[in-house]
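First the structure, in the form of structure tokens, and then the observations on it.
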Amino acid sequence: LERAYDELQSEFQERQRVEEGYAALARAREIEDNWNARLAQYVQAQERQRQLEKAVDAARHELDLDLGRLSERTRDLQGRAENLPVHERQLAVARATLSQLAQRQAEREAAQAQLQALNEELAGSKVRNDQLRTEMEALKEKMGLLEQAGDEATCPLCRQALSDEHRDQVVGQFEAEGKALGDSYRANSARQKEISEKTSDLREEIRQLDRELAGQPAQQRREAQLDRALVEAQEAAVELEVRRAERKQVEERLAAGDYALAEQKEFARLAAELEALGYDRDAHTQAQTEAAALAEF
């Protein structure tokens, strides 16, 4: 009976130990399940945070690229805009040179017109002198006939006999006409010489002007190039202000974190949710260890 009593007593004590151990196992598994549930939420939230962080990083990277492009564009525009005063001075010089060349062109046209007028005058003067020479020769021939005829001279117009007095009058008239023709001839000859000298001077002047005007096409091309360069520099100066404003705006957005706002907001919400969740890896591990230790029950 004593032995039977001892066995029953031992079994009773084992039952108490098992019941207590099983109860402890249930509590440990409940705690472990709670940590498992928290871990699942924690992992899910962290995964979403990583996705959001990638989106935020991508938005920030895009702004960084925009800032780099704007900085590069700004440097390029600034370099071109800084040349604006240089282009203005060069263009002013080129236009002043073209203005001088235009004046030279007008001088050449005037000289050419004067040369043409003198050539026409010279040609007319030569024709007139040829006529005067013909008239003087005819008059000289008439005077010769009068001298040959002597007292038997007749009027060259009416063919009537001339008296001595009338003959002297005709000779005087011929001499006066001859002198007038000679004076005109000599005056024309002097004018022709003067014209020849003047035309020679004009031709030399035109040659000199042509040498100066030879550079006009190149100067016109340079003026067009400088004008385009000036317009581009002016446009660069205007665009520079726009790009600077855009760059400043991007810098302010980067400094203030003004990008992917919805993602950042959700990221912050998840961070607060994770903090409220209070997942503790060490406590979770301890709960797993305790549950595993009680598995025999």
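Between the side chains of Glu135 and Gln131, not a single donor N or O lies within less than 3.5 Å of an accepting N or O. Using a 3.5 Å distance cut-off with no hydrogens or angles, the side chains of Gln286 and Glu290 do pair a donor with an acceptor. For the residue pair Gln208 and Arg211, a side-chain donor N or O sits within less than 3.5 Å of a side-chain acceptor on the partner. Donor-acceptor pairing under 3.5 Å is recorded for the side chains of Ser189 and Asn129.
Between Tyr279 and Tyr42, the closest heavy-atom pair is CB-CD1, 3.9 Å. Residue Leu63 comes nearest to Asp258 through the heavy atom pair CD1-O, 4.4 Å, listed as atom of the first residue, atom of the second, then distance. When all heavy atoms of Glu232 and Arg80 are compared, the pair lying nearest together is O-NH2, 4.2 Å. Residues Arg38 and Gly278 come closest through the heavy atom pair NH1-O, 3.4 Å.
A 4.5 Å side-chain heavy-atom check between His284 and Asn36 finds at least one atom pair inside the cut-off.
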Check against side-chain contact (heavy atoms from CB on, under 4.5 Å), Gln114 and Lys198: CA-CA 10 Å; Gln114 187 178 2; Lys198 184 60 176 177; 3.3 Å; yes
side-chain contact (heavy atoms from CB on, under 4.5 Å) between Glu88 and Leu91, intermediate numbers included: CA-CA 5 Å; Glu88 287 176 340; Leu91 184 59; 5.9 Å; no
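Using a 4.0 Å cut-off between charged nitrogen and carboxylate oxygen, Asp57 and Lys54 do not count as a salt-bridge pair.
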